[in-house]
S.K.: 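Here it is, the structure, as structure tokens.
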Amino acid sequence: MTVTQQSAVIPAHRRLVTDDLEKLLTILPEPLHKQLATHPRRDELIEVVMDLGRIPEARFVEGTEDLGEVVITSEDLAYSVNRVGMFSGDNRAGIERTLHRISAMRNRQGDIVGLTCRIGRAVFGTILMIQELVESGKSILLLGRPGVGKTTALREIARVLADDVGKRVVIIDTSNEIAGDGDVPHSAIGRARRMQVASPEQQHRVMIEAVENHMPEVIIIDEIGTELEAQAARTIAERGVQLVGTAHGNRIENLIKNPTLSDLVGGIQAVTLGDEEARKRRSQKTVLERKAPPTFDVAVEMLERQKWVVHEDVSITIDTLLRGHQPLLEIRTVDDEGNVKVSEEMEHPIEIPEWNPQTPLKSEPQPSRPRGLRASGKMTPLPFGSKKKKFQKRSSASLDQMIDQSWTARDPHQAEKVRTPGPNGEDYPVYVYPYGVGRSQLEQVIEILRLPIVLTKDLPSADAVLALRSQLKNHSKLRDIAQDQQVPIHAVKSNTIPQITRGLRRLLNMDDPNVKEPTDIRLFSQSNSDDEIDALEEARLAVEQIVIPQGQPVELLPRSAKIRKMQHELIEHYRLQSSSFGEEPNRRLRIFPA
């Protein structure tokens, strides 16, 4: 890990907090007002929750506390509703000239049955960790869970850019959360201007209107959540306007997987590579690639209030993730005295996969990894010179030598093995070298079944090889090297989830045909969409409730070819036969008993 230090002490008078808490307490019923006004933790208060027929709650930075023992009545809710502004289309209201937000819950008749009163605070000096990026003119996207401080950071960014940098800043304030309720914006945004939005559905139009009518240098927008808003954000960025916004999602990977918002990071598309390019990348011929330049130059993941992950070049991060590599993260933290620390580390350091000690294993485990001298590192593999053919051409000697060296070379990025004892004395995790087997399917099975297995590219230090049977037949070199290295080879018939699952369980000595295996339908789903899960659940219930216990064939509902393939793999998992019949679009599966 490479660590660099930066220090910048914030003067105490700049870390001011303005919360106007008393104005929020005045809208609460009198008993709650009195209790919170003298509460010792009032400075840590985040929300006050009032639900009809329940005891009110106060939510703090850490923990929740009941307020009294009397439940909330309709009169209590009406008392608070009458003292706040008008509720908008998204059921949010505010208190004029404050940053507080009151959100309503309604029943089917539209009556308010619950209120969430969130305290809004203006905290000065919160963006010290990214201040140089804010002032650089680059577009910045903030990500993070609710309550981590995204809106507070937007408010401070608006003030810094408008007052300290002197730029023309316009805030698109859909719920009046950034600049407060009322026509006069809160002083926390400085000289920045604020455009209100009549209804949430019009947010994207107001974004474009701000650029066309008011000549901003900076546009600030909270909660980009629809495809139209993502397109408007791209239009703004392409016009040379600095864009600062937040989006739904904790990490940048969430945006890649979100088809609605993926355009913010450039959009994702499937590309078919040529044979030569696929060999260079050592990947499949169909890969995912970025479709366009990202809308935002910089992305900031707000993990905690004082710990942020900064991606200074979003395009590099996205390309790295799509190629299956781990990006190098820049983590910035700040202490209470304002000292900023910048460090770099890998996103997912190699860890021992979790495994369930309750999973039944056979009483006589057959070790799938070498023991004795090889495990202790005292045994040197035999040289490969004795394996060479007698009638080998001299011109190919150097090539064969290079191949041998590449097979036996140690991976410099391979971390040191870490072992923990299993339930029957095994050494976990088991390091597996895959050959010809789809890595994505392997990772999916290992993650969902929580198997104690780590995939490695280092054959000499592997405990076992998992190979595709068709590839293994034509590759004597791999068999010879595995024999010399004393690494057992486990073969699977095909690149399907059932075959890979059985191969891995057999490798761990957990595959017993007489013991019913737990079936997790997520193994067979590609995107975990509702349609895929429903179709797989239909197939699972048909097998477990009709085909196996009653011995009767079953026909499933018509599905697309993609989903039928997933159902076929699930049926194969149960060691049953299935076939498709009928004409499109009514083509469907028929499951046969054993």
S.K.: Output, in order, the C-alpha distance, side-chain angles, deciding distance and verdict of side chain to side chain contact (heavy atoms under 4.5 Å, CB included) for I140 and D297.
M.R.: CA-CA 6 Å; I140 301 174; D297 307 305; over 6 Å; no

S.K.: Quick check: are there more than 12 heavy atoms from other residues, nucleotides or ligands sitting under 6.0 Å from CD of E584?
M.R.: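 Count over threshold, so yes.
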
S.K.: If we only count heavy atoms from C-beta on, is the T226 to H204 side-chain gap below 4.5 Å?
M.R.: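 Counting from C-beta outward, T226 and H204 never come under 4.5 Å.
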
S.K.: Assess whether a salt bridge exists between K150 and D222, defined as any Lys/Arg side-chain N lying under 4.0 Å from an Asp/Glu carboxylate O.
M.R.: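 No, K150 and D222 are not salt-bridged.
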
S.K.: For N254, enumerate each residue passing the side-chain hydrogen bond (donor to acceptor under 3.5 Å, both in side chains) test, keeping only those at least two apart in sequence or located in another chain.
M.R.: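 Expected list: none.
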
S.K.: Quick check: do V445 and L442 have side-chain heavy atoms less than 4.5 Å from each other?
M.R.: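 No, side chains not in contact.
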
S.K.: Over all heavy atoms of both residues, which pair between A230 and T260 is shortest? Give the atoms and the distance, please.
M.R.: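 Taking every non-hydrogen atom into account, CB-O, 4.1 Å.
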
S.K.: Look up atom CG in N258 and atom CG in D263, then write down how far apart they are to the nearest 0.5 Å.
M.R.: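 Nearest 0.5 Å value for the CG-CG distance: 11.5 Å.
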
S.K.: Closest approach of I127 and A153, non-hydrogen atoms and distance?
M.R.: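 Looking at all heavy atoms of both residues, the closest pair is CG2-O, 3.9 Å.
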
S.K.: Decide side chain to side chain contact (heavy atoms under 4.5 Å, CB included) for Q231 and L228; before the verdict, give the C-alpha distance in whole Å, the side-chain angles of both, and the deciding distance to 0.1 Å.
M.R.: CA-CA 5 Å; Q231 293 174 358; L228 290 174; 4.0 Å; yes

S.K.: Does any N or O in the side chain of R323 come within less than 3.5 Å of the main-chain N or O of H325, such that one atom is a donor and the other an acceptor?
M.R.: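 Checked: no pair found.
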
S.K.: Within a strict 4.5 Å, meaning less than it, do heavy atoms of the M207 and I236 side chains meet?
M.R.: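 Yes, their side chains come closer than 4.5 Å.
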
S.K.: Looking only at side-chain N and O atoms, does H568 offer a donor or acceptor that is under 3.5 Å from a partner on S579?
M.R.: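 No, H568 and S579 have no side-chain donor paired with an acceptor closer than 3.5 Å.
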
S.K.: Can you tell me how far apart CD (E330) and CD1 (I130) are? Round to the nearest 0.5 Å.
M.R.: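 Between atom CD of E330 and atom CD1 of I130 there are 11.0 Å.
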
S.K.: Looking at E538 and R559, does any basic side-chain N land under 4.0 Å from a carboxylate oxygen?
M.R.: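 The answer is yes: the pair qualifies as a salt bridge.
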
S.K.: Return yes if some donor-acceptor pair links the side-chain N/O of N586 with the main-chain N/O of P558 below 3.5 Å, else return no.
M.R.: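 No; judged by distance alone, with no hydrogens or angles, the pair does not exist.
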
S.K.: Please report the closest heavy-atom contact between S578 and F592, naming both atoms and the distance.
M.R.: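 That would be CA-CD1, 4.2 Å.
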
S.K.: Output the distance between atom OG (S262) and atom CD1 (I268), rounded to the nearest 0.5 Å.
M.R.: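 Reported value, rounded in 0.5 Å steps: 6.0 Å.
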
S.K.: For Y431, does its backbone N or O pair with a side-chain atom of D463 as donor and acceptor, under 3.5 Å?
M.R.: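 Indeed, once roles are kept as given, a pair shorter than 3.5 Å links the two residues.
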
S.K.: Inspect the contact between E569 and R540 and indicate whether a charged nitrogen and a carboxylate oxygen are less than 4.0 angstrom apart.
M.R.: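 Judged by the 4.0 Å cut-off on N to carboxylate O distance, R540 and E569 do not form a salt bridge.
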
S.K.: Applying side chain to side chain contact (heavy atoms under 4.5 Å, CB included), run through L143 and V309 and close with a yes or a no.
M.R.: CA-CA 10 Å; L143 302 170; V309 174; over 6 Å; no

S.K.: Tell me whether E229 contacts the main-chain N or O of G225 through its side chain, where contact means a donor paired with an acceptor under 3.5 Å.
M.R.: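 Yes: the side chain of E229 pairs with the backbone of G225.
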
S.K.: Could you report the tightest heavy-atom contact between Y433 and A462, atom names first, then the distance?
M.R.: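 Closest approach of Y433 to A462: CB-CB, 3.8 Å.
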
S.K.: Between G144 and N250, which heavy-atom pair has the shortest distance, and what is it?
M.R.: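 It is C-OD1, 3.6 Å.
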
S.K.: Less than 4.5 Å apart, any side-chain heavy atom of V432 and any of T456?
M.R.: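 They are not in contact (no side-chain heavy atoms under 4.5 Å apart), so the answer is no.
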
S.K.: Considering only heavy atoms from C-beta outward, does the side chain of Y574 approach that of I548 to under 4.5 Å?
M.R.: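 Side chain of Y574 against side chain of I548, heavy atoms only: contact under 4.5 Å found.
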
S.K.: Quick check: are there more than 12 heavy atoms from other residues, nucleotides or ligands sitting under 6.0 Å from CD of Q269?
M.R.: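 Yes, because the 6.0 Å sphere around CD of Q269 holds more than 12 heavy atoms from other groups.
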
S.K.: Donor-acceptor check, side chain of R332 to backbone of W308, threshold 3.5 angstrom: yes or no?
M.R.: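 Looks like no, no N/O pair under 3.5 Å.
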
S.K.: Atom CG in L142, atom CG in L154: separation rounded to 0.5 Å?
M.R.: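 Interatomic distance, L142 CG to L154 CG, rounded to 0.5 Å: 5.5 Å.
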
S.K.: Are V265 and F296 close enough, and set up right, to give a side chain to side chain contact (heavy atoms under 4.5 Å, CB included), and what steps lead you there?
M.R.: CA-CA 7 Å; V265 292; F296 291 89; over 6 Å; no

S.K.: So, are R587 and E583 salt-bridged, with charged N and O less than 4.0 Å apart?
M.R.: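 Result for this pair is no, no salt bridge flagged.
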
S.K.: Q552 versus P593: any side-chain heavy-atom pair under 4.5 Å?
M.R.: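 No - every pair of side-chain heavy atoms lies 4.5 Å or more apart.
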
S.K.: Check for a donor-acceptor pair, side chain of E301 on one end and backbone N or O of I252 on the other, with a separation under 3.5 Å.
M.R.: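 Pair found, side chain donor or acceptor close to backbone of I252.
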
S.K.: Measuring from E253:CD to R251:CZ, what's the distance to the nearest 0.5 Å?
M.R.: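 If we round to the nearest 0.5 Å, E253:CD and R251:CZ are 6.0 Å apart.
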
S.K.: Checking R234 against E227 for the salt bridge (Lys or Arg N to Asp or Glu O under 4.0 Å) test, could you report, in this order, the C-alpha distance in whole Å, the side-chain angles of both residues, the deciding distance, and whether it holds?
M.R.: CA-CA 11 Å; R234 175 169 291 279; E227 189 173 358; over 6 Å; no

S.K.: Side chains of Q499 and V437: closer than 4.5 Å at any heavy-atom pair?
M.R.: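 No, their side chains stay 4.5 Å or more apart.
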
S.K.: Could you tell me whether E532 and R564 make a salt bridge, using a distance below 4.0 angstrom between a side-chain N and a carboxylate O?
M.R.: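 Salt bridge flag = no for R564 with E532.
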
S.K.: Within the 4.5 Å heavy-atom criterion, are M302 and V300 side-chain neighbours or not?
M.R.: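 With C-beta onward as the side chain, the pair touches.
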
S.K.: Closest approach of L288 and L322, non-hydrogen atoms and distance?
M.R.: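 Heavy atoms only, the tightest pair is O-CB, 3.6 Å.
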
S.K.: Spell out, as yes or no, whether a donor-acceptor pair under 3.5 Å connects the side chain of T317 to the backbone of H311.
M.R.: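 No; judged by distance alone, with no hydrogens or angles, the pair does not exist.
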
S.K.: Look up atom CD1 in I591 and atom CD1 in I546, then write down how far apart they are to the nearest 0.5 Å.
M.R.: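 Rounded to the nearest 0.5 Å, the CD1-CD1 separation comes to 9.0 Å.
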
S.K.: Is the side chain of Q242 donor-acceptor paired with the backbone N or O of V134 at a distance under 3.5 Å, no angle test?
M.R.: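 Indeed, once roles are kept as given, a pair shorter than 3.5 Å links the two residues.
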
S.K.: Hey, is CD on Q577 packed in by over 12 heavy atoms from elsewhere, all under 6.0 Å?
M.R.: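 No - once you tally the heavy atoms of other residues, nucleotides and ligands closer than 6.0 Å, there are 12 at most.
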
